[in-house]
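Given the structure is predicted, the values throughout are model-derived calculations rather than measurements.
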Amino acid sequence: AAAISGPHVHPLCFGCLRCLASFMEAQLEVLFDTGNGKQEVKVFSHGPLGIQFSSTMPVVVKRLQQGSQARQLGVQVGWEVKAINGTPLAKSSVCQAFATLTEPTVAFRRCMPVRDRPLDKQSVAKLSTKLKEIKKTEVVAALKQYGFVAQTSKLWGSTGPLPELHLDMVGSSREISTSKRHTWYSMFCKVITGEGFSTRCWVVERRLAHIRALLHDPVKQELGEDYVQYFGKARFAHHGKPPGTTARVESWLAALSKAIHYRSLSPALVASILRFLEAPVLDEDAGRAMSEGEIVPSNV
């Protein structure tokens, strides 16, 4: 069940459950024949894919959009699509093949933002540089755009309850085919502001190394001896990703949600956490990505 226990049990609303289910169903696993006797599986997490396909069977990659998800995953011109989400295309018509390709990547984008997997920022240092450090003088303004109110970078003050941040893992880890075979974890995030009047859900993907260095370590350092008070029963994942890693990270993220709710972390650190999670700002339109995901006959 995709429910997070915070200071109060606050299960995901029906709309968020529907979005989460749509996201999990929308993962597009494409089996390619590379033409040299080998086959490769590529997992796409959103649309558009950035591929122009042939308009006849078999479905072959004709062109790749510069900087597209397909290029990031290493797809090559000339590759033939053999199967989609485990379904062979051998007996499909062109129309059936394109319907199978496009349908999974449309529905979940209507519900919530799904952040691009930063394949070009696989190292901790590169992702940290991309996210950029928030200056002390910018913390209050940065938090305000997410619905959090603070007095200074160190002080929350008595301005009412903070928005509730709920974090969950979307199933198990997903390994994608890259030269270094990194494992990426999908985190389902939810912020509730204004006593439940505003709820924003989104999905962001990170490696375990990112979560450890840019979430776990700063939190542990700031809390010091008080760390065990919030995370004593939520041990973080071990190095090497042994069995149980997803469950451990999920438990730790739930404890992190509680620590934020209880104002145990400084505004500066919470602002950094929200930036790491690529939280949508208050006026962000969750459906804006649909404008780039419209389907045309031979481009996906």
Side-chain angles (χ1 to χ4, degrees), residues 21-109 114-123 169-187 203-210 240-243 245-246 292-293 295-300:
S22 296
F23 170 77
M24 295 176 73
E25 291 174 358
Q27 304 308 293
L28 188 68
E29 184 178 285
V30 182
L31 174 65
F32 290 97
D33 185 330
T34 64
N36 57 2
K38 296 182 179 180
Q39 294 185 334
E40 287 200 30
V41 174
K42 302 294 183 181
V43 179
F44 297 85
S45 60
H46 60 82
L49 310 184
I51 304 175
Q52 181 180 26
F53 293 103
S54 60
S55 57
T56 58
M57 295 297 289
V59 177
V60 176
V61 177
K62 304 296 288 184
R63 184 184 302 173
L64 297 169
Q65 182 179 345
Q66 190 67 31
S68 65
Q69 184 181 189
R71 279 190 178 276
Q72 290 180 330
L73 290 173
V75 176
Q76 301 292 321
V77 172
W79 284 10
E80 178 186 338
V81 179
K82 303 297 290 186
I84 301 170
N85 287 343
T87 302
L89 297 187
K91 298 182 179 180
S92 300
S93 66
V94 172
C95 291
Q96 291 172 331
F98 278 103
T100 306
L101 268 170
T102 57
E103 286 173 3
T105 61
V106 174
F108 68 95
R109 278 287 193 169
V114 179
R115 303 311 189 193
D116 290 341
R117 184 188 302 133
L119 292 176
D120 59 336
K121 303 292 186 293
Q122 297 190 25
S123 72
M169 301 291 281
V170 182
S172 58
S173 62
R174 296 187 294 108
E175 187 172 277
I176 61 172
S177 179
T178 65
S179 58
K180 295 186 179 180
R181 300 294 296 174
H182 289 308
T183 299
W184 295 81
Y185 295 84
S186 297
M187 292 184 286
V203 172
V204 65
E205 295 181 290
R206 296 288 184 259
R207 291 179 54 212
L208 182 61
H210 297 150
K241 300 184 287 295
T245 291
T246 299
E292 64 176 5
I295 306 304
V296 294
S298 58
N299 294 278
V300 185

Side chains of [X] and [Y]: does their closest heavy-atom pair fall under 4.5 Å?
X    : Y    : value
M57  : V59  : yes
W184 : L208 : no
V61  : F32  : yes
V81  : V60  : no
W79  : Q39  : no
V30  : V41  : no

For S93, enumerate each residue passing the side-chain contact (heavy atoms from CB on, under 4.5 Å) test, keeping only those at least two apart in sequence or located in another chain.
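Testing S93 for side-chain contact (heavy atoms from CB on, under 4.5 Å), a comparison that skips the adjacent residues, returns C95, Q96.
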List the residues meeting salt bridge (charged side-chain N to carboxylate O under 4.0 Å, His left out) with R206, not counting sequence neighbours, and say none if there are none.
E278
Pairwise distance CD1(I51) to CG(L64) - rounded to 0.5 angstrom:
6.0 Å
Shortest non-hydrogen contact between S92 and A97, atoms and distance
CB-N, 4.3 Å
Going by salt bridge (charged side-chain N to carboxylate O under 4.0 Å, His left out), name the pairs with one or both residues in residues 73-95, residues two or more places apart or in two chains.
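Every pair satisfying salt bridge (charged side-chain N to carboxylate O under 4.0 Å, His left out) with a residue in residues 73-95: E80-K82.
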I need the full list of salt bridge (charged side-chain N to carboxylate O under 4.0 Å, His left out) pairs touching residues 49-73, with sequence neighbours left out, sorted by first then second residue.
none
Decide, yes or no, whether a salt bridge links E40 with K38 under the criterion of side-chain N to carboxylate O below 4.0 Å.
no
Suppose we screen for side chain to side chain donor-acceptor pair (under 3.5 Å). Which residues come up paired with T34, at least two apart in sequence or across chains?
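With neighbours one apart ignored, the set is N36.
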